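Letters go in sequence order (proteins before strands), and every chain restarts at 1. Computed from a prediction, not measured in an experiment: that's the story for all the values here.
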Number of protein chains: 2
Amino acid sequence: MGETAGFTIKQAAEQTALSEDTIRYYEKIGLLPEADRKMNRHRIYHGEDLRVMKMITCLKKTGMSLDEMKPFLGLTNDSDLTAYPDLQQKLLQHKENIQQQIDSLQMIIDVIDTKLTSGRMPDQCELAEPTKKMPRAQLI
Amino acid sequence: MGETAGFTIKQAAEQTALSEDTIRYYEKIGLLPEADRKMNRHRIYHGEDLRVMKMITCLKKTGMSLDEMKPFLGLTNDSDLTAYPDLQQKLLQHKENIQQQIDSLQMIIDVIDTKLTSGRMPDQCELAEPTKKMPRAQLI
DNA sequence: TGTTGACTTGAAGTCGACTCCAAGTTGTAT
DNA sequence: ATACAACTTGGAGTCGACTTCAAGTCAACA
């Protein structure tokens with residue numbers, strides 16, 4: 001039972017900013033592979049597992065959905081994306097979605113500013129419906 | 001039964017870009033007042049009702065939650081906000097939330113760009129967790 | 001021996017904002 | 001008479017990403 005044997009789910013949770021429940025949930029929905037078990041059926045995690053979890057944590061912060069991030073989880077942090085043109089394309093697309101989101105939010109700011117300064121709220125509020133799934137994040 | 005008698009829920013839905021179900025739902029949760037009824041118990045709407053619904057449609061597009069928009073629904077489109085300092089303050093706060101959202105999304109763009117151009121995904125992905133409720137909208 | 005404490009499981013509950021459904025009523029057209 | 005459309009109601013279902021719960025297992029410690 002030395003320190004080299006791996007990490008408990010609690011330790012994994014601490015290191016990855018996920019909760020234990022969330023880790024089990026990710027395993028259940030197939031985002032994480034089935035974890036190795038100790039003799040007592042407790043899950044045990046190794047460095048590679050933590051790397052994937054940290055990648056999830058990071059991609060989640062970029063507003064990517066759990067489904068969308070599945071293809072990326074095989075990559076190491078500094079693996080060369082140009083070797084995977086499809087992933088590169090997906091990431092570029094994700095970036096463009098976010099850029100569109102920024103543009104749209106800027107339009108909203110303009111509408112609000114118009115109301116705040118000129119007192120006028122446009123009759124036809126020329127903004128589109130919110131899309132079903134857009135990233136949400138916040139400054140640290 | 002002339003054209004001056006008001007609007008059916010279907011007509012209201014058409015004019016406000018809400019669905020009939022949504023209008024009934026808004027009434028149920030108290031976002032809209034209880035509608036007048038015709039003799040046959042059908043809801044009937046007047047100009048003022050449509051104005052409120054359009055205001056909802058507009059505020060929704062700015063990412064405001066149904067709860068948050070309740071205080072604003074008494075205002076006409078061009079009523080002077082400076083007469084209502086609390087509402088002005090709320091709207092300013094809403095705007096600042098959106099601005100923070102933009103800043104945060106810009107950070108995400110930067111992280112993704114770093115990966116796309118230098119191939120490096122930061123170990124510590126220095127972005128905060130998504131907040132529970134942030135606006136989502138899209139360009140028209 | 002008994003009681004923690006860490007872990008296990010499957011299932012149910014949460015959030016907001018709808019959306020859909022089935023059954024019923026009313027008014028009009030054929 | 002009868003079909004049909006438009007509306008009514010209460011209630012259930014949906015979405016994603018968890019969170020919470022109850023009940024069980026297992027090893028270590030007093």
Query - Shortest non-hydrogen separation from A/I29 to A/K70 and the atoms involved - result: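 A/I29 and A/K70 have their closest heavy atoms at O-NZ, 3.7 Å.
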Requested in this report: Would you name the heavy atoms of A/Q15 and A/L50 that are closest together and state the gap between them?
Outcome: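 In terms of heavy atoms, the two residues are closest at OE1-CD1, 3.5 Å.
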Do [X] and [Y] make a side-chain contact, defined as non-hydrogen atoms from C-beta onward lying under 4.5 Å apart?
| X | Y | answer |
| --- | --- | --- |
| A/L31 | A/M69 | yes |
| A/L32 | A/V52 | yes |
| A/I23 | A/Y45 | yes |

Please list, for nucleotides 1-5 of chain D, all pairs of protein and nucleotide N/O atoms separated by less than 3.5 Å.
none

Could you list all N or O pairs between the protein and nucleotides 9-12 of chain C that sit under 3.5 Å apart?
unit_1, atom_1, unit_2, atom_2, d
C/dT9, OP1, A/R37, NH1, 3.4
C/dT9, OP1, A/R37, NH2, 2.8
C/dT9, OP2, A/R43, NH1, 2.8
C/dT9, OP2, A/R43, NH2, 2.5

Query raised in the report: Are A/T22 and D/dA17 close enough that a side-chain N or O sits under 4.0 Å from OP1 or OP2?
Result: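 Answer is no, no contact under 4.0 Å.
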Report task. State whether the side chain of A/T57 and the backbone N or O of A/M53 hold a donor-acceptor pair below 3.5 Å, judged by distance alone. Result ->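 Confirmed, A/T57 side chain pairs with A/M53 backbone.
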Query raised in the report: Has the side chain of B/Q11 got a donor or acceptor atom that lies under 3.5 Å from a matching backbone atom of B/T8?
Result: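 Flag set: sc B/Q11 to bb B/T8 pair under 3.5 Å.
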Query raised in the report: With Watson-Crick and G-U wobble geometry limited to distances under 3.5 Å, how should the secondary structure of DNA chain D be encoded in dot-bracket form, using | for bases paired to another strand and [ ] for crossing pairs?
Result: ||||||||||||||||||||||||||||||
Query raised in the report: Passes side chain to side chain donor-acceptor pair (under 3.5 Å), A/S19 versus A/D21? Steps please.
Result: CA-CA 5 Å; A/S19 77; A/D21 276 328; 5.3 Å; no
**Report entry** Options D/dC7, D/dT19, C/dC7, nucleotide nearest the side-chain atoms of A/K10
**Finding:**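 My answer, after comparing the listed nucleotides, is C/dC7.
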Query raised in the report: Given C/dC7, D/dA17, D/dC7, which nucleotide is nearest the side-chain atoms of A/S65?
Result: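 Given the options C/dC7, D/dA17, D/dC7, the side chain of A/S65 is closest to D/dA17.
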Report task. Could you tell me whether B/I9 contacts a base, only the sugar-phosphate backbone, or nothing, with contacts defined as non-hydrogen atoms closer than 4.0 Å? Result ->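 Counting heavy atoms under 4.0 Å across all strands, the contact made by B/I9 is with sugar-phosphate only.
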Query raised in the report: Thinking salt bridges, do B/E48 and B/R51 make one under a 4.0 Å N-O criterion?
Result: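 Yes, this pair counts.
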Report task. Please report the C-alpha distance between A/K95 and A/L91 in whole Å, then the side-chain angles of each, then the deciding distance to 0.1 Å, and finally whether the side chain to side chain contact (heavy atoms under 4.5 Å, CB included) criterion is met. Result -> CA-CA 6 Å; A/K95 176 189 147 186; A/L91 194 54; over 6 Å; no
